[in-house]
Amino acid sequence: MAVPSYWLVKTEPEVFSLDDLRRAPRQTTRWDGVRNFAARGHLRAMKKGDLVFVYHSNAKPSAVVGIAEVVKEAYPDPSQFDRKDEMGYDPKAKRDAPTWVTVDVRFREALPRPVALDEVKRTPALRKMALVRIARLSVQPVTAAEWNAALALARKKPPA
DNA sequence: GCCAACGTTGGC
DNA sequence: GCCAACGTTGGC
């Protein structure tokens with residue numbers, strides 16, 4: 001693919017952290033359980049090779065902590081059919097017309113240092129990020145400018 | 001643990 | 001189709 005698109009996914013580190021992704025078989029996991037229509041639209045738009053910021057929410061501090069890569073494009077999320085999956089099961093989902101999709105992502109790197117939410121808010125190049133603007137959106141697009149600015153921050157020394 | 005924001009559900 | 005009630009996310 002020519003130019004990758006950029007994304008950000010949220011995860012609670014207590015549930016599934018960047019380290020969990022790094023230690024997963026083939027450092028790859030199914031990013032399942034997304035049950036929000038706007039987020040689903042972004043999952044569907046992801047292309048193989050796109051790069052994804054991994055953001056730890058409900059963390060101390062909440063921060064962008066790493067980068068993953070899309071290795072499999074959107075396909076039906078099996079957890080919607082799993083009655084035993086308390087969070088993911090969707091009784092309205094039909095086998096022949098699945099409601100929810102997932103993608104597979106592979107670990108790429110941990111950032112040299114996390115970029116915390118308060119720093120995102122304080123940085124002019126970043127404070128328009130969907131992360132700040134749109135509450136409760138667990139999968140979101142990131143512009144190339146935002147991506148580069150966040151990476152530049154992560155590779156710099158922490159602010160005083 | 002609290003609660004604001006906001007997406008979803010369901011009664012009408 | 002409106003909108004109140006409800007449930008969840010996620011910062012603090």
Side-chain angles (χ1 to χ4, degrees), chain A residues 5-24 29-46 50-68 70 74-105 107-143 145-147 149-154 156 158-160:
Chain A
S5 295
Y6 301 110
W7 309 94
L8 179 147
V9 296
K10 297 178 182 176
T11 183
E12 298 192 31
E14 305 268 312
V15 179
F16 190 86
S17 69
L18 183 69
D19 264 353
D20 292 328
L21 177 60
R22 186 171 51 75
R23 289 190 296 253
T29 197
R30 173 184 290 153
W31 206 265
D32 59 7
V34 172
R35 296 292 182 270
N36 168 287
F37 292 108
R40 181 185 72 179
H42 298 311
L43 286 179
R44 282 180 170 158
M46 287 183 179
D50 282 358
L51 297 174
V52 183
F53 276 144
V54 176
Y55 174 82
H56 281 172
S57 60
N58 269 321
K60 298 179 185 114
S62 294
V64 180
V65 293
I67 298 175
V70 176
Y75 60 98
D77 181 348
S79 71
Q80 70 196 300
F81 305 119
D82 182 358
R83 291 175 178 280
K84 294 194 297 295
D85 188 323
E86 288 190 18
M87 297 304 292
Y89 178 63
D90 183 348
K92 287 181 295 197
K94 301 284 190 303
R95 288 271 172 194
D96 52 357
T99 306
W100 305 110
V101 300
T102 184
V103 298
D104 288 355
V105 298
F107 176 86
R108 270 274 195 122
E109 64 172 277
L111 295 182
R113 71 173 181 85
V115 178
L117 179 61
D118 72 311
E119 197 177 354
V120 171
K121 289 177 176 171
R122 282 188 281 107
T123 302
L126 298 181
R127 66 168 157 243
K128 299 273 177 55
M129 287 182 76
L131 182 63
V132 180
R133 280 182 5 253
I134 309 173
R136 305 176 48 195
L137 181 60
S138 60
V139 181
Q140 52 189 258
V142 173
T143 68
E146 290 162 351
W147 182 272
L151 271 190
L153 266 187
K156 224 174 53 179

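All chains are named by letter (A, B, ...) in the order of the sequence lines, taking the proteins before the strands, and each is independently numbered beginning at 1.
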Donor-acceptor pair, side chain of R40(A) and main chain of T99(A), under 3.5 angstrom: yes

Euclidean distance, atom [atom1] of residue [X] to atom [atom2] of [N] [Å, nearest integer]:
X	N	atom1	atom2	answer
E12(A)	dT9(C)	CD	C1'	8 Å
L131(A)	dT9(C)	CG	C1'	13 Å
D90(A)	dT8(C)	CG	P	13 Å

Reading 5' to 3' through nucleotides 2-7 of chain C, protein heavy-atom contacts under 4.0 Å coded B for base, S for sugar-phosphate only, - for none: -----B

Rounded distance (nearest 0.5 Å) linking atom CG of L126(A) with atom OG1 of T143(A): 8.5 Å

Distance (rounded to the nearest 0.5 Å) between D50(A) CG and S5(A) OG: 4.5 Å

What protein N or O atoms touch nucleotides 10-12 of chain B N or O atoms at under 3.5 angstrom, if any, and at what distances?
none

Donor-acceptor pair between S17(A) and D19(A) side chains, under 3.5 angstrom: no

Between D104(A) and W31(A): side-chain donor-acceptor atoms closer than 3.5 Å: no

Sub-4.5 Å side-chain heavy-atom contact between L111(A) and V64(A): yes

W7(A) side chain near L51(A) side chain, heavy-atom distance below 4.5 Å: no

Close approaches to DNA chain C from residues 55-66 of chain A, in residue order (heavy atom, under 4.0 Å): Y55(A), S57(A), N58(A), S62(A)

Atom CZ of R23(A) with >12 non-hydrogen neighbours under 6.0 angstrom: yes

Salt-bridge present (E146(A), R127(A); N to O < 4.0 Å): no

Option among N36(A), D32(A), D77(A), D90(A) that satisfies the side-chain hydrogen bond (donor to acceptor under 3.5 Å, both in side chains) test with W100(A): D90(A)

